[in-house]
Amino acid sequence: MGKKKSRFETEVIHSGYWPNEHQDSLVPPLYQTSTFTFTSAEQGERRFAGQEEGFIYSRLGNPTVKILEERMAVLEQGEAGLAFSSGMAAVSAVLVALTKTGDHILCSQGVYGCTFGLLELLKGKYGIEHDFSLMESAEALDQEILPNTACIYIETPINPTMKLVDLELVAMVANKKGIPVVVDNTFCSPYIQTPLTLGCNVVIHSATKYICGHGDVIAGLVIGEKEFIRQVSRTTQKDIGGIISPFDAWLLLRGIKTLPVRMDRHCENALRLFEFMKSHPKIESVYFPGDPEHQDYSIAKKQMKQSGGLISFTIKGSKVSAQQFMNQLQLIKIAVSLGDAETLIQHPATMTHAVVPEEERKKMGIEDNLLRLSVGLEAWEDIQEDLDQALERI
Ligand code: PLP
């Protein structure tokens, strides 16, 4: 591999890494070190002054982490990447970098529960306001972007309602006003959706999910323009300190190699299960971007390569019916998180979005009988049989 640009399936395996720079090791080595030695006091001075390339201390940069950051920048088609200790460390580093007291953030109509918590914290402590918007038209967006709007923050598909936001539309309006658009791309991964190619400015991942793919790491990533990433790296990351460990970066590098293979299987399994769920008499509604009757199906076709591995649905009945159904499952595990090999189910109203007050939750479309299924890599027939037997019992 030289500098030639390859296809996605090749870049996940090779980009950002040159064996001849690392003792010819085929696999990126794990640089499990907190600090780096200088050959002289003067060299240390030059590195701190930014006059000489080289590592200083692992909170400021680490070779294993750097490979991961460069690989993710290639995959998201951005200029640079930055890795964090969690998705929330990434979200908070970006929002703190982009805002100051008195600013305003315009958000998609629904965000992950802890992102909601962070927005409330920023409002309560630092007077940074936020509003939620459907982002359905340029006219409405024009009105909702205020003179003090510092950034637009989007999840699409939105966790857990699976509504979509037209990224090209939002970027077009925001770009004219010079307002950065930040997209949490966790639900898709760059294999399915690349917001930067649609005019958005910053991509965030909870790398805990599809990027890792094996349920054994908590991590986050940010990808964007070089200057923005440098600024976050030198301020909100360096000084707040939410950095990834070299070992977790190494595990992510291992996981990413199979991202396209895994995503194809997640998506194929989800499509099959969607067909089953859609026609089941005990299921009220199914929310899945691959559904031709989904309210945002045209947006899905435009910006997503496939429909993803997540399906949300409501059970006919109440919260109790939803919980009874979960308790009958045998193969499918009751757990938050997503993107793992194991199929997981969770109840957003009492789990991932429990921190969101009931009134806000309802506005976001999170009903008490809503469940979110992260379709795993098992044989789809086994997942379907488990869903079927649990539905039979309620
Ligand atoms: N963004 C989304 C869409 C998520 O689903 C999550 C976690 O579930 C996060 C961000 C936060 O990521 P982490 O748990 O890695 O901090």
Side-chain angles (χ1 to χ4, degrees), residues 68 72 76 81-96 105 107-121 132 153-165 167 182-190 192-193 195 200 202-223 236-237 240-245 248-249 251-252 255-256 266 287 289 304 308-312 333-340 342 344-356 361 364-366 370-375:
L68 170 70
M72 277 306 294
E76 284 287 1
L82 200 56
F84 291 82
S85 54
S86 69
M88 285 317 302
V91 176
S92 51
V94 167
L95 289 184
V96 170
I105 304 170
C107 303
S108 50
Q109 189 73 40
V111 287
Y112 169 58
C114 294
T115 304
F116 181 89
L118 173 68
L119 291 166
E120 286 293 310
L121 184 149
F132 295 101
Y153 187 92
I154 299 173
E155 280 181 22
T156 181
I158 295 173
N159 184 3
T161 57
M162 307 305 289
K163 290 178 190 154
L164 306 186
V165 175
L167 293 176
V182 180
V183 181
D184 181 332
N185 204 23
T186 301
F187 268 36
C188 284
S189 89
I192 289 193
Q193 177 173 277
C200 302
V202 180
V203 163
I204 295 178
H205 280 282
S206 166
T208 313
K209 312 293 165 26
Y210 288 114
I211 302 299
C212 170
H214 294 75
D216 46 17
V217 171
I218 298 270
L221 287 154
V222 175
I223 301 100
T236 50
Q237 185 181 59
I240 298 176
I243 53 137
I244 193 170
S245 78
D248 284 348
L251 284 172
L252 290 187
I256 286 179
H266 283 299
Y287 305 102
M304 294 169 71
L310 286 145
I311 306 175
S312 291
K333 302 291 180 281
I334 302 174
V336 293
S337 203
L338 56 106
D340 294 338
E342 297 83 359
L344 307 179
I345 196 161
Q346 66 108 359
H347 182 243
T350 57
M351 296 179 180
T352 52
H353 290 69
V355 293
V356 182
R361 239 182 12 238
M364 290 179 180
I366 305 171
L370 181 79
L371 294 168
R372 189 191 73 192
L373 186 75
S374 168
V375 179

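Order of appearance sets the numbers: ligands from 1, and atoms from 1 within every ligand.
Taking the side chain as every heavy atom from C-beta outward, Gln193 and Phe187 never approach each other to under 4.5 Å. Side chains of Cys188 and Met304 form a contact here, defined as non-hydrogen atoms less than 4.5 Å apart. In this structure, Cys107 and Leu119 have side chains that are in contact, with non-hydrogen atoms separated by less than 4.5 Å.
In this structure, Tyr210 has its ring center at least 6.0 angstrom away from the ring center of His205.
Judged by distance alone, the side chain of Ser312 and the main-chain N or O of Met162 form no donor-acceptor pair under 3.5 Å.
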What are the distances between nitrogen or oxygen atoms of ligand 1 and protein nitrogen or oxygen atoms, counting only those under 3.5 Å?
| unit_1 | atom_1 | unit_2 | atom_2 | d |
| --- | --- | --- | --- | --- |
| ligand 1 | 1 (N) | Asp184 | OD2 | 2.6 |
| ligand 1 | 5 (O) | Asn159 | ND2 | 3.1 |
| ligand 1 | 8 (O) | Lys209 | NZ | 2.6 |
| ligand 1 | 12 (O) | Ser206 | OG | 3.0 |
| ligand 1 | 15 (O) | Gly87 | N | 2.9 |
| ligand 1 | 15 (O) | Ser206 | OG | 2.8 |
| ligand 1 | 15 (O) | Thr208 | OG1 | 2.6 |
| ligand 1 | 16 (O) | Gly87 | N | 3.0 |
| ligand 1 | 16 (O) | Met88 | N | 2.9 |

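Taking every heavy atom of both residues into account, Leu338 and Leu344 meet most closely at N-CD1, 4.3 Å.
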